[in-house]
There are 2 protein chains.
Amino acid sequence: MKASDTTPARRMGPSGSATWHLMLDGAEAILREEGYAELTSRRVAERVGIKQQLVYYYFKTMDELMVEAFRRLSKRELERFEQAMSAERPLHEIWGIAMNTSDARLISEFMALANRSEGVRAEVIAFIERSRQLQVEALTRAIERKAVAAGKPAAALPPVAATFLATSVGLALTREAALGVSMGHAEIAGVIEQYLAALEP
Amino acid sequence: MKASDTTPARRMGPSGSATWHLMLDGAEAILREEGYAELTSRRVAERVGIKQQLVYYYFKTMDELMVEAFRRLSKRELERFEQAMSAERPLHEIWGIAMNTSDARLISEFMALANRSEGVRAEVIAFIERSRQLQVEALTRAIERKAVAAGKPAAALPPVAATFLATSVGLALTREAALGVSMGHAEIAGVIEQYLAALEP
DNA sequence: GTCTATACACCGATAGAC
DNA sequence: GTCTATCGGTGTATAGAC
């Protein structure tokens, strides 16, 4: 369309290099420990021991850095889920992941970021849908195995409802625990574990 | 302890005045529509049509403004809960409130803020505990009424677990809906409404 | 009660030297 | 690949005039 872009376009470095990863590591640490309000090029640089301006050699904008950071995280998480599916008791594994404090906090921050950045939003939506899909498949298989073994028709709780429930509850539990609230936590964890034990003895 | 404060303390306006409320209204609107990263004295002033510096006549710091904003909101919400308890079908009312989009978003933002501000954190903790207490009481009463009527021992799901579940799920549903995700939403809403209908026909 | 003036720190981003 | 220099913009907060 445009025969000549008047802006010559800034010189940029390659994705995937060691420094590139280092910067994303720094960004993750900041999100985890301080929240997205502190995620700035200066803070990232300070953390990894480089100059602020170098951030813009590897990322066009801070928004792009955030998108890349979530993309890397989401890939890692999905691989973790997939691996959990092939473990001995997949549902217990999934629940364990949902209860992992530090990454729950990280994902929480990205969800907040998703409200303000189109790029992040698209990645977050894709991640939610893919991980829910994975969980539904695993749960469906587990329920069917159980039903066949017992000769029962099973399921007052549809698999997708159960996974949604587990994810929401896991997130709420870790978020409240971080604040120092614990009212009802033991009871709700008990209910979930009872449900899991019934499916995966 | 200190016989004389060397800093003369800046001149301050009264809490509760019309302008004071106007500023909190502006702060709420910003949180709802744009998120806490945009909650600045300049943006508040712009919204309500006054100069940025006037914010500091009514609030010592931005942090104090946030605390006051949450305090006002939390008071309003708790009154709403209490009123709902005395309605015809209290549990349906509570679920309705949990599903109210705009205030769920607002509360979400304050929860994120709680991770960064001690003052906000204290208020958020108090709010969570008080509102959960209220809900547990209402649910306990409803279950007992039902159990007495049916002559049953009742309750595989402890009331505090049920309310925790409803709150987490409600928050997750509205947050995802805001992003445009809907996978499993109909199923989970169906399950909850079924549970409610069983208790409050 | 609201305004102007003003300080100082930090932010994203660009240009160009080494 | 990393640095120095630098820009315009925005943030919190204070002092003091009207």
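Below, chain A is the first sequence line, B the second, and so on; all start at residue 1. From a predicted model like this one, the values you see are computed outputs, not experimental measurements.
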Look at the side chain of Q52(B) against the base of dA13(D) and say whether a donor-acceptor pair falls under 3.5 Å; ignore hydrogens and angles.
yes

Mind listing the residues from residues 26-47 of chain B sitting with a heavy atom below 4.0 Å of DNA chain C? Number order is fine.
none

Is it the case that over 12 heavy atoms from other parts of the model lie below 6.0 angstrom from the CZ atom of R76(A)?
yes

Interatomic distance where CD belongs to Q53(A) and C1' belongs to dC10(C) [whole Å]:
13 Å

The side chain of P14(B) is closest to which nucleotide in this list: dT2(D), dC3(C), dG1(C)?
dG1(C)

With a 4.0 Å cut-off on heavy atoms, is T19(A) in touch with a base, just the backbone sugar-phosphate, or nothing at all?
sugar-phosphate

Roughly, in whole Å, what's the span from CE in M12(B) to P in dT2(C)?
14 Å

Can you establish whether the number of heavy atoms outside Q83(A) located under 6.0 Å from its atom CD is more than 12?
no

Does R11(A) contact dG16(C) through a side-chain donor or acceptor facing the base, at a distance under 3.5 Å?
no

Near DNA chain D, under 4.0 Å by heavy atom, which residues of residues 55-73 of chain A?
Y57(A), Y58(A)

Could you tell me the separation between the CG atom of L134(A) and the CD atom of E129(A), rounded to the nearest 0.5 Å?
12.5 Å

Which residues satisfy the salt bridge (Lys or Arg N to Asp or Glu O under 4.0 Å) test with R132(B), sequence neighbours excluded?
E176(A)

Cationic N near anionic O, under 4.0 Å, R43(B) to E46(B):
yes

Specify the separation, in whole Å, of atom NZ of K51(A) and atom P of dT4(D).
5 Å

Before accepting this row, confirm whether a basic side-chain N of the pair E109(A)/R105(A) lies closer than 4.0 Å to the acidic partner's carboxylate O.
yes

Are the side chain of E200(A) and the backbone of L91(A) linked by a donor-acceptor contact shorter than 3.5 Å?
yes

Cationic N near anionic O, under 4.0 Å, R47(A) to D25(A):
no

